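Here the structure comes first, spelled out in C-alpha cells, and everything after it is commentary.
Hydrogens, waters and symmetry mates play no part in the numbers below; they use all other heavy atoms, side chains included. What you see is a predicted model; the values in this text were computed from it and never measured.
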Amino acid sequence: MPKIIRIQDIAQHVGEEVTLQGWLYHRTDKGKLQFLRVRDGTGYAQCVVFKKDVSPEVFEAARSLTQESSLIVTGTVRQDARAPGLPGGHELSVTGLQVLQVAQDYPIQPKEHGVEFLMDHRHLWIRSQRQWAVLRVRATVIRAIRDWLDDHGFVNLDTPILTPAACEGTTTLFETDYFGTPAYLAQSGQLYNEANIYAFGRVYCFGPTFRAEKSKTRRHLTEFWMVEPEAAFCDLDQLMEIEEQFVSYIVQTCLRERAQELALLGRDTGHLEKVVPPFPRISYDEALEMLGEIREQTDDEELKGLLEIEWGEDFGSPHETELTKRFEKPVFVYGYPTRAKAFYMEPWPGRPEVSKSVDLLAPEGYGEIIGGSERISDPDLLLERLREWGLPREAFEWYIDLRRYGSVPHSGFGLGIERTVTWICGLDHLRETIPFPRMLKRVYP
RNA sequence: UCCUCGGUAGCUCAAUCUGGCAGAGCGGCCGGCUGUUAACCGGUUGGUUGCAGGUUCGAGUCCUGCCCGAGGAGCCA
C-alpha cells in the first residue's frame, strides 16, 4: 500500500504514489473527468479522476461521492499551477479509491448561509475552509502565548474555576450548587495569581472565564478564554513593556506561521506587520481630549451622542472604536479614573482619583484586548478600598495576607483570546474564533 | 433591560408597500460534457409562508398578541 501522507506535506511527494485519508469537500463532474476536492484536516487538495486511467468501478465510486463522504484515495502527486487547495499547486492523479461512507444530504453548501443556520450546525460548520483557517490561527495564537510566557520566566499555574465569591465584585457570575452552598464560575484568576507570584515571581493562568452578563454584541461571549500573566517587582511602565513585547510576538508568529490561513481569510496583513514595539501610550486625560476633538469634527449627530463622556466614566465601545481609528498600532490608554475600575488598583502618585491601570486597544476599531494594572501593595489602603467598595473583608482575608507578608509592587493583565483572534483574522464577529461559542442565546451545539 | 431590523422550499432569497393560482437560484435526483475553481447545459423533485387569533368573498401580504433570531447600547476581555 502506498505511503499515507498529510495534505500539508503534499509538495514533498511529487511523482510518488501516495494515499490520502479524508473527506470530500467538493466534486465537479465533467463527464469522463472528475475533480474531487478532498480535505484531511491539514489542508485541501484536488484529486483528478480520468475515466481512461481507472477501472469502471473506481470511476463509478467517484461518481457516487457526495459532499462530506469519507474516503481513502490513492494516486500520483503532480505539480500543477491550476490545482486549487491549501497549500494548493499540487494535485493527485487518482489510481484507486475506497469509499468509507457516502454522506447523505450534508446541509452546508459552499455558498452563503445565514448566521442562525450556521450556528445551529456549528459541529459541521467548523469543517468549512474559513472556519478551519480561523481556528488554526487560534491554535497558533494560544501556542505563541504559551511559548512567549514560558520563555520569559512566567510559570503556568492555573487558578480555580469554581470560586467562593465574586472576584472583583462587579460583573454578574454564573452560580452553581457546590454541595449545598453557592459557588461561582470564575470571571478571573487574577487574585489567585497574586498569591502565586509570591511563590514563583512571575506566573500566568490560562483558561476559560465566565460572565453571566446579558451582553448581546459581536465582541462578547459568556464563556471565553483569557490568559492572565502577573509579575512581582513590576510597575505599570514595566507592565506595558511586557504587554507590547508579548502582543507583538503573538502577531508576528501568526504572520510567519499562518500566512496561508490569513490569505484565505482575505486579511490585509499590512496592518499586522506594523505591530512591533513600542506601542503609543496615551493617558485617559489625553484620550478624553481626543474624543472631544473627534466630537467637534464630526457631523454625525448619532456619533456625537454616543461619544458623550464626562471625566470619571469608563469608555464604551464607541469611544474605543473611534480612538483606535487614529492609530496604526495597538495603543495603550493608561491612568483611568479610580472609580471606573476595580478596587485593587494602585493609585497614581499624587492623584488618588486616578489609578495605575492600562488597557490595550487593538487598531482598526477592534478595541480592548487587554486590561491590566499595578495592584495595591499596601495592606491598609487595600482594607480601605474594600470598605469603600462595600466588599466583605472575611472573603478577602487571604488576599490581604499577601500584603502583610513581604508585599512588593506587582502588576498583571488579562488578554482575551477570542478578541485577539478576531482582530488578527480581521473578522467582524468573535463567535467564529472559538469552536463552540457560548452566547446569550446560544448553548447548542 | 432598552432601541432597530428580520422570520416564505433543505439553503439563499423574491412576491409584502398597492390583498387575487406560492416563485427563482443553489442543493438532491436523471441525462450530457477531458481542466473544473460556489463549473456549465437540459430535465426533474421540493411548501404547516415562525405560532395563535382577527378583518375580508379571498391573507405570505392588513390588524392584535406571542415566540425565535440578528445588529447596536449598557457591562466587559
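The side chain of A/Arg442 places no N or O atom within less than 4.0 Å of a non-bridging phosphate oxygen (OP1 or OP2) of B/C68. Side-chain N/O atoms of A/Lys51 include none lying less than 4.0 angstrom from OP1 or OP2 on B/U34.
Across the protein-nucleic acid pair, A/Arg438 atom CZ and B/C76 atom P stand 25 Å apart, rounded to whole Å. Here the P atom of nucleotide B/G31 and the NZ atom of A/Lys32 are 14 Å apart, to the nearest Å. Rounded to whole angstrom, the span from the CG atom of A/Asp29 across to the C1' atom of B/C29 amounts to 14 Å. At whole-Å resolution of the value, CG in A/Leu361 and C1' in B/A77 are 12 Å apart. Atom C1' of nucleotide B/C76 and atom CZ of A/Phe315 are separated by 15 Å, given to the nearest angstrom. Atom CD in A/Glu228 sits roughly 13 Å away from atom C1' in B/C76 (whole-Å rounding). As rounded to whole Å, 18 Å separates atom P of B/C76 from atom NZ of A/Lys214.
Which of B/U36, B/A77, B/A73 sits closest to the side chain of A/Arg37 comes down to B/U36. Distance from the side chain of A/Glu116 is smallest for B/G69 among the nucleotides B/C29, B/G69, B/G74. For A/Lys52, the side-chain atoms get nearest to B/U34 when compared with the rest of B/C76, B/U34, B/G28. Side chain of A/Arg211, nearest nucleotide from B/A38, B/G35, B/C76: B/C76. Relative to the side chain of A/Glu368, the nucleotides B/G31, B/A77, B/G35 differ in distance, and B/A77 lies closest.
Nucleotide B/G46: unpaired (no Watson-Crick or G-U wobble partner with both distances less than 3.5 Å). Across the strands present, B/C57 finds its partner in B/G20; the criterion is a Watson-Crick or G-U wobble pair with both atom distances under 3.5 angstrom. In this structure B/G65 sits in a base pair with B/C51, meeting the Watson-Crick or G-U test at under 3.5 Å. In this entry B/A73 has B/U1 as its Watson-Crick or G-U wobble partner, both defining distances falling under 3.5 Å.
The pair A/Glu364-A/Arg267 counts as a salt bridge, with a side-chain nitrogen and a carboxylate oxygen less than 4.0 angstrom apart.
Look at the P atom in both B/C5 and B/U44: the space between them is 42 Å, to the nearest Å.
Relative to the six-membered ring of A/Phe50, A/Lys52 meets both conditions, a distance below 6.0 Å and an angle of at most 45° to the axis.
Residue contacts shown for A/Lys30 include a base, since a base heavy atom lies under 4.0 Å away.
Aromatic rings of A/Phe396 and A/Phe343 (six-membered ring for Trp) have centroids within the 6.0 Å cut-off, being under it.
Evaluation of A/Phe35 against the base of B/G35 yields no stacking contact (centre distance < 5.5 Å, interplanar angle < 30° required).
Between A/Leu440 and A/Gly414, the one whose closest nucleotide on RNA chain B sits nearer the 5' end is A/Leu440.
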- Message: Please encode protein proximity along nucleotides 7-14 of chain B as a string of B, S and -, counting only heavy-atom distances under 4.0 Å.
- Response: ---BBS--

